[in-house]
Protein chains: 4
Amino acid sequence: MRDLVEIGMGRSARRAYELDDVEIIPSRRTRSSKDVSTAWQIDAYRFDIPLITHPSDAVVSPRTAVAIGELGGLAVINAEGLWARHSDVEDAIFRLTRAAEEDDPLAVTRLLQELHAAPIQADLIAEAIKQIRDSGVTVAVRVSPQRAAELTPDLLAAGVEILVLQGTIVSAEHVARDGEPINLKQFIADLDVPVIAGGVGDYRTAMHLMRTGAAGVIVGYGHSSGVTTTDQVLGIGVPMATAIADAAAARRDYLDETGGRYVHVIADGGVHSSGDIAKSIACGADAVMLGEPLSAATEAPGQGLYWTSAAAHPSVPRSRVTVGAEAEVDLRTLLFGPSADPDGAVNLFGALRRAMAKTGYSDIKEFQKVGLTVRG
Amino acid sequence: MRDLVEIGMGRSARRAYELDDVEIIPSRRTRSSKDVSTAWQIDAYRFDIPLITHPSDAVVSPRTAVAIGELGGLAVINAEGLWARHSDVEDAIFRLTRAAEEDDPLAVTRLLQELHAAPIQADLIAEAIKQIRDSGVTVAVRVSPQRAAELTPDLLAAGVEILVLQGTIVSAEHVARDGEPINLKQFIADLDVPVIAGGVGDYRTAMHLMRTGAAGVIVGYGHSSGVTTTDQVLGIGVPMATAIADAAAARRDYLDETGGRYVHVIADGGVHSSGDIAKSIACGADAVMLGEPLSAATEAPGQGLYWTSAAAHPSVPRSRVTVGAEAEVDLRTLLFGPSADPDGAVNLFGALRRAMAKTGYSDIKEFQKVGLTVRG
Amino acid sequence: MRDLVEIGMGRSARRAYELDDVEIIPSRRTRSSKDVSTAWQIDAYRFDIPLITHPSDAVVSPRTAVAIGELGGLAVINAEGLWARHSDVEDAIFRLTRAAEEDDPLAVTRLLQELHAAPIQADLIAEAIKQIRDSGVTVAVRVSPQRAAELTPDLLAAGVEILVLQGTIVSAEHVARDGEPINLKQFIADLDVPVIAGGVGDYRTAMHLMRTGAAGVIVGYGHSSGVTTTDQVLGIGVPMATAIADAAAARRDYLDETGGRYVHVIADGGVHSSGDIAKSIACGADAVMLGEPLSAATEAPGQGLYWTSAAAHPSVPRSRVTVGAEAEVDLRTLLFGPSADPDGAVNLFGALRRAMAKTGYSDIKEFQKVGLTVRG
Amino acid sequence: MRDLVEIGMGRSARRAYELDDVEIIPSRRTRSSKDVSTAWQIDAYRFDIPLITHPSDAVVSPRTAVAIGELGGLAVINAEGLWARHSDVEDAIFRLTRAAEEDDPLAVTRLLQELHAAPIQADLIAEAIKQIRDSGVTVAVRVSPQRAAELTPDLLAAGVEILVLQGTIVSAEHVARDGEPINLKQFIADLDVPVIAGGVGDYRTAMHLMRTGAAGVIVGYGHSSGVTTTDQVLGIGVPMATAIADAAAARRDYLDETGGRYVHVIADGGVHSSGDIAKSIACGADAVMLGEPLSAATEAPGQGLYWTSAAAHPSVPRSRVTVGAEAEVDLRTLLFGPSADPDGAVNLFGALRRAMAKTGYSDIKEFQKVGLTVRG
């Protein structure tokens with residue numbers, strides 16, 4: 001039964017929890033880190049670490065996509081972002097950096113909006129895909145539900161292997177009086193590649209997306225505190241611990257309903273440190289979608305800047321552009337250490353492995369059952 | 001059943017929630033913003049957006065009243081404020097601004113008290129009303145319960161179309177040993193114009209006000225954090241999420257009791273961003289009363305200053321005079337965007353429309369049923 | 001039934017609330033401030049406002065004791081404080097002020113400890129009592145349980161009318177292997193003057209103190225945030241909303257047990273503003289003991305400094321010496337306004353009167369039943 | 001029954017509490033501090049105060065171990081720390097101090113990692129043990145579970161009287177595919193000295209460790225806010241109030257199961273002030289393990305620096321190196337006062353004694369039953 005609260009007479013709300021509210025509790029068993037596997041598989045693709053990147057231009061360039069793939073993760077490049085609109089992204093980011101240095105947040109957002117007003121050029125993104133494909137790593141690209149039908153054919157032709165269909169908030173049932181909303185079920189059925197779709201915030205939407213045939217469902221919208229402002233702007237929030245657990249329940253029920261189709265739950269939001277990655281899995285996620293934590297890598301195209309795609313919305317921006325400290329670590333160290341940083345910003349997946357070992361679990365699937373506490 | 005807590009032996013308190021405590025949850029359906037209507041109607045008056053202004057002199061001048069009306073909202077001018085007492089309000093605000101720059105809050109409050117000690121001049125407010133009326137927009141004026149009987153005849157003669165009877169905290173039953181308290185029921189019955197009355201903080205008072213014949217009931221007293229200090233000064237608080245839901249319950253019960261009289265619930269307080277507007281509606285409000293968020297418009301008479309009428313109380317002031325940043329947006333942009341501000345301070349009603357679309361609702365009345373969470 | 005929480009297996013704790021956790025809710029009735037009485041009576045002594053001072057040397061000198069009495073409150077002078085140990089208290093406070101300006105908190109506490117190491121001189125305190133007595137206001141003096149037996153005879157001889165027997169934490173049953181603990185019941189029975197005793201933190205101790213024959217029981221130990229550190233030093237805390245309600249329950253039960261003896265509950269702690277005074281009464285207090293809020297008066301002997309007697313403990317100090325802003329208001333204004341300060345620091349009892357009026361209550365006793373909320 | 005919360009559908013978490021969440025409530029009895037005993041005994045060793053040091057090189061040198069022993073506590077020297085790896089620890093700490101002054105936290109951690117990469121030298125730690133032993137105080141040494149088998153024989157030969165087997169998180173059952181995990185039960189049975197083992201975070205692990213034959217079980221991992229970052233890095237947390245109470249329940253059940261074997265519960269973490277020591281005992285601990293609070297002593301080898309052993313982990317450091325203020329108090333004053341510091345940082349065990357007296361308890365065992373509140 002849900003934990004309902006009556007906020008006023010006849011009006012109830014559900015108690016919900018953020019990752020910050022929960023903590024993992026050690027169990028009676030410990031294990032050696034060496035005996036732990038963090039691997040997972042979606043469709044035919046196997047990955048050493050449960051990492052998918054958030055499709056932020058600040059962290060995913062064709063070059064970092066290759067690097068991330070080689071390190072065992074899955075990078076997602078945004079087919080509607082800067083790499084699809086500008087031949088000289090480096091210059092675009094240079095202008096953003098300069099604007100950010102002026103400390104005028106509105107000007108930065110305006111520049112971002114302007115840069116995203118440029119048209120999408122099919123050849124630019126095709127070239128980016130080719131670069132990734134040539135390296136041999138799995139190629140994943142993000143499109144929005146609005147432009148999926150239009151853009152997908154070219155993307156497939158260019159060699160995309162996993163399609164990420166992602167809006168801030170996505171539903172299986174989009175109602176529109178004018179225009180023709182995408183029929184997700186049909187769209188996915190017609191594709192030859194697996195689709196990861198989201199983000200969702202509750203059990204029902206997760207279940208509906210699973211029924212469209214998606215191979216993975218994204219929970220959340222990539223929010224990280226200090227960056228994302230969807231709650232302030234729209235009043236909408238997705239407390240991640242609860243949302244992940246709900247989507248995991250949908251996964252379980254859908255597995256039962258279909259007699260064995262396992263749809264992966266990918267947590268996208270609320271991760272500030274390696275501990276949050278462990279908590280996301282502990283709440284039920286199969287993998288995490290990371291954005292901001294990766295912007296600290298020396299290879300990150302954003303060079304310390306970070307923003308999500310919602311930052312560039314032409315009329316309702318819902319994300320800040322943040323300026324991080326000068327990066328000192330390369331991607332490999334960021335993911336696997338060693339770390340000299342006690343804040344959990346480095347050795348992201350080495351720490352996950354250690355958390356699993358310290359609590360006695362040997363794989364991701366088992367670790368979803370680890371004990372949790374919430375602050376009283 | 002109410003959610004009661006025993007704070008000490010034999011003494012209970014009710015759990016209550018602020019807008020900040022709740023978040024809207026996306027549902028399984030999304031919708032295009034274009035298919036969303038934010039319109040509402042009170043008595044014969046229809047408005048495109050569920051916006052009534054708080055009767056603060058810092059945001060409502062005759063000129064901004066017209067502008068707000070033309071943009072689809074309802075502005076309320078204070079018949080006991082600066083426009084009713086001073087022929088040169090601009091000068092009065094200039095003095096306030098200068099005092100505020102000195103960074104001596106007590107001096108600012110003292111000046112405000114002094115400016116409100118000047119007598120109310122019927123011709124001044126009549127002239128203001130005429131200005132608004134001439135423009136063709138709906139004319140609404142605020143009087144206090146204490147002075148309603150005395151001031152209303154002149155206001156009606158000047159052309160007021162909606163009367164807002166508003167004190168910090170208003171009840172249907174004012175007990176006084178000396179003087180003659182206003183008989184609200186009689187007062188309203190005798191009027192030809194609809195009356196909006198408040199603010200109230202609980203179900204019973206809302207119900208009593210509805211029974212006086214009011215067309216709308218105001219919930220709250222326009223508090224915004226950093227400005228209003230009623231809690232510190234009087235120990236009295238109206239947690240808005242709970243208060244709105246309670247008043248909505250009164251609306252429902254009164255509708256049943258009268259076999260169809262729908263009294264509008266207007267939420268006045270706790271709104272800092274567009275997200276809070278969405279939350280107010282989601283908790284059950286038909287419209288929101290906005291003060292501080294509007295003070296950021298270039299047209300605002302306060303020129304960045306903001307205060308509520310409680311700031312000028314001669315002996316128990318309960319509001320600060322705050323100094324905002326230099327405004328960069330005009331009223332139209334403030335209400336409808338486009339925005340380059342990720343904090344939800346701009347595009348207030350465009351964001352509401354988007355929140356409704358993102359959660360699949362097409363009108364205000366339906367959106368009152370959207371799902372909510374509270375932080376665990 | 002108490003609201004119990006299991007913090008660990010087999011170990012429970014009670015949920016308890018501070019004044020900050022509760023808020024008063026308006027009711028369906030309002031009233032004119034003029035029709036409100038804040039008067040109360042203890043034994044034969046009647047007071048216009050429910051104010052007893054905390055026996056802090058920073059706020060009570062013989063001179064301010066007279067002023068407070070003339071304004072309708074009851075001042076309590078500390079028979080073991082500076083006025084009892086130094087003939088030139090002004091000089092002692094001058095030294096404290098100078099030390100406080102050096103911004104070396106340890107040095108200030110050391111000086112305070114040194115000043116309190118001087119012997120108590122019976123003639124000094126007798127002279128102070130005489131000064132108060134001569135003015136015609138009620139004379140109240142504080143002694144500690146440890147020294148009550150020794151000091152009281154001289155105090156009575158000097159003309160004390162109400163004896164305040166107050167330690168940080170006081171019980172009716174002090175167990176000691178050596179020395180002879182005071183037998184409170186006998187001690188009080190032998191006195192001709194009413195005794196106010198405390199502070200206590202729970203129902204049982206309150207009940208036991210009532211049974212000793214005390215006319216009033218103090219709840220709390222005068223803690224104000226930023227000043228008192230008993231929680232940090234001893235781990236002991238008295239959440240005031242709960243403690244007041246519990247003591248009020250003891251008052252009710254004792255009234256029943258004795259067939260009519262009404263022992264007054266005096267709340268000593270957690271008050272930072274006029275709103276907290278209203279909340280204290282609302283939780284069940286008959287009067288509040290104020291220290292820090294009074295230190296803002298121009299007449300306060302501490303000249304902006306504030307400390308409680310626990311600050312001078314020779315080995316376990318549990319209070320800081322705080323430096324306030326330069327005072328701008330005299331005692332009368334501090335208590336009764338008018339105020340130009342929206343923070344509830346001025347017009348302390350005028351605001352109480354207004355809070356009572358706004359919620360429709362006409363006397364202290366009734367106001368103890370006003371509705372309360374706690375934040376969800 | 002446990003207090004469970006459903007954080008999402010089908011996923012529950014347990015409500016858990018930190019020491020900061022609880023407060024001790026005074027009871028109806030008080031007592032003189034002189035009649036209070038804080039003594040306790042483990043195996044044949046008796047101590048005046050329930051103090052065991054955290055095995056941090058920043059607080060325990062051979063010299064301070066002697067001083068602490070002479071003052072009635074038990075110091076634990078780290079057999080895998082700087083004293084075991086460097087002949088000139090003073091110089092190592094000098095280098096750390098210099099690095100810390102540069103304000104480059106990563107550099108400090110790197111230096112600490114480098115200093116801990118030096119090999120353990122049996123003769124160095126043997127010499128340290130000899131120094132302590134020669135003074136006549138009880139000799140306790142810490143080893144990690146990983147190196148216990150290897151290091152213990154030499155330590156016993158050098159004269160260790162109590163062995164502390166401590167890792168960040170320890171279980172009775174370590175699973176490893178390669179290498180040979182320690183069999184704790186056999187290991188302890190083979191030893192002639194009592195073993196204290198931990199840290200643990202829950203009832204079951206505590207119970208399992210008790211069954212291995214340990215004389216004491218450590219709860220927690222020495223976390224102090226601002227220093228330890230295990231939660232951020234691993235997502236693992238041990239809310240101390242709950243963890244202590246759970247371990248105390250295990251102690252009770254194990255006592256019953258064995259018909260009388262009493263295993264001591266030692267709380268290691270969450271202590272920032274003397275009040276937290278009192279709370280730890282109140283939650284059920286027999287003694288507290290202190291690290292950071294002792295670093296303020298003039299004798300502390302860290303000279304104001306503090307870190308736990310987790311700070312030096314070669315790839316996943318989970319503790320910062322903090323720089324404290326210049327110490328002004330010697331160990332004796334730190335433990336027993338007198339204090340001129342109202343923040344509970346000085347007179348740590350004098351304040352414990354006073355807290356016990358103020359609530360009417362005369363020994364540690366009884367004080368474990370004192371009343372508690374949690375904030376509503």
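A, B, ... follow the sequence lines: proteins, then strands. Residue 1 opens every chain. These numbers come from the heavy atoms of this one structure, side chains and all, not from hydrogens, waters or symmetry mates.
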Asker: Within the structure provided, determine whether A:I236 and B:K358 are in side-chain contact (heavy-atom separation under 4.5 Å).
Answerer: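 A:I236 reaches B:K358 side chain to side chain.
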Asker: I'd like to verify something: which residue of B:A340, B:P338, B:A282 has the highest number of heavy-atom pairs under 4.5 Å with chain A?
Answerer: B:A340
Asker: Within the 4.5 Å heavy-atom criterion, are A:P317 and B:D341 side-chain neighbours or not?
Answerer: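 No, every pair of side-chain atoms sits at 4.5 Å or beyond.
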Asker: So how far is it from B:I25 CD1 to A:T205 OG1, rounded to the nearest 0.5 Å?
Answerer: 9.0 Å
Asker: Can you tell which part of A:V374 gets under 4.5 Å to a heavy atom of chain B, answering side chain, backbone, both or neither?
Answerer: neither
Asker: Is it the case that the side chain of A:T229 and the backbone of B:P342 share a donor-acceptor pair, with hydrogens and angles ignored and the cut-off at 3.5 Å?
Answerer: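 Yes; judged by distance alone, with no hydrogens or angles, the pair exists.
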Asker: Taking all heavy atoms of B:R252 and all of A:G10, pick out the closest pair and write down the distance.
Answerer: NH2-CA, 4.2 Å
Asker: To the nearest 0.5 Å, how far apart are CD in A:Q113 and OG in B:S339?
Answerer: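 Reported value, rounded in 0.5 Å steps: 7.0 Å.
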Asker: Between B:T242 (side chain) and A:I7 (backbone), is there a donor-acceptor pair under 3.5 Å?
Answerer: yes
Asker: Look only at the side chain of B:S274 and the backbone of A:V233, and say whether a donor-acceptor pair between them is shorter than 3.5 Å.
Answerer: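 It does hold such a pair.
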Asker: Look only at the side chain of B:S273 and the backbone of A:Q232, and say whether a donor-acceptor pair between them is shorter than 3.5 Å.
Answerer: yes
Asker: Taking the side chain from B:D246 and the backbone from A:G8, do they hold a donor-acceptor pair closer than 3.5 Å?
Answerer: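 Absent.
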Asker: Looking at B:E328 and A:L106, would you say the former's side chain and the latter's main chain have a donor-acceptor pair under 3.5 Å?
Answerer: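 No, because the side chain of B:E328 does not come within donor-acceptor range (under 3.5 Å) of the backbone of A:L106.
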Asker: Can you tell whether the side chains of B:K279 and A:D231 come within less than 4.0 Å, N to carboxylate O?
Answerer: yes
Asker: With only heavy atoms counted, which part of B:A351 is less than 4.5 Å from chain A, the side chain, the backbone, both or neither?
Answerer: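 For B:A351, backbone and side chain are both near chain A.
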Asker: Any side-chain heavy atom of B:P26 sitting closer than 4.5 Å to one from A:V238?
Answerer: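 Yes, close enough: below the 4.5 Å cut-off.
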Asker: Would you give the length of the straight line joining atom CD1 of B:I24 to atom OG1 of A:T230, rounded to the nearest 0.5 angstrom?
Answerer: 12.0 Å
Asker: Could you tell me if the side chain of B:E23 sits less than 4.5 Å from the side chain of A:P239, heavy atoms only?
Answerer: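 In contact.
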Asker: Who among A:G201, A:S319, A:G237 has the most heavy-atom pairs with chain B under 4.5 Å?
Answerer: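 Most pairs with chain B among the choices: A:G237.
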Asker: Just how far is it from atom CD of A:E6 to atom CG of B:D3, taken to the nearest 0.5 Å?
Answerer: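 Taking CD in A:E6 and CG in B:D3, the distance rounds to 7.5 Å.
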Asker: Checking A:H208 against B:R29: is there a side-chain donor and acceptor pair closer than 3.5 Å?
Answerer: no
Asker: Between B:V370 and chain A, with a heavy-atom cut-off of 4.5 Å, which part of the residue counts as in contact: side chain, backbone, both or neither?
Answerer: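 For B:V370, heavy atoms of backbone and side chain both lie under 4.5 Å from chain A.
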Asker: With a 4.5 Å heavy-atom cut-off, do A:R11 and B:K369 have their side chains touching?
Answerer: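 The answer is no; the side chains never approach within 4.5 Å.
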Asker: Examine whether an atom of A:R15 lies under 4.5 Å from a heavy atom of chain B, and if so say whether it belongs to the side chain, the backbone or both; otherwise answer neither.
Answerer: both
Asker: Any side-chain heavy atom of B:D343 within less than 4.5 Å of one from A:R320?
Answerer: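 Yes - at least one pair of side-chain heavy atoms lies under 4.5 Å apart.
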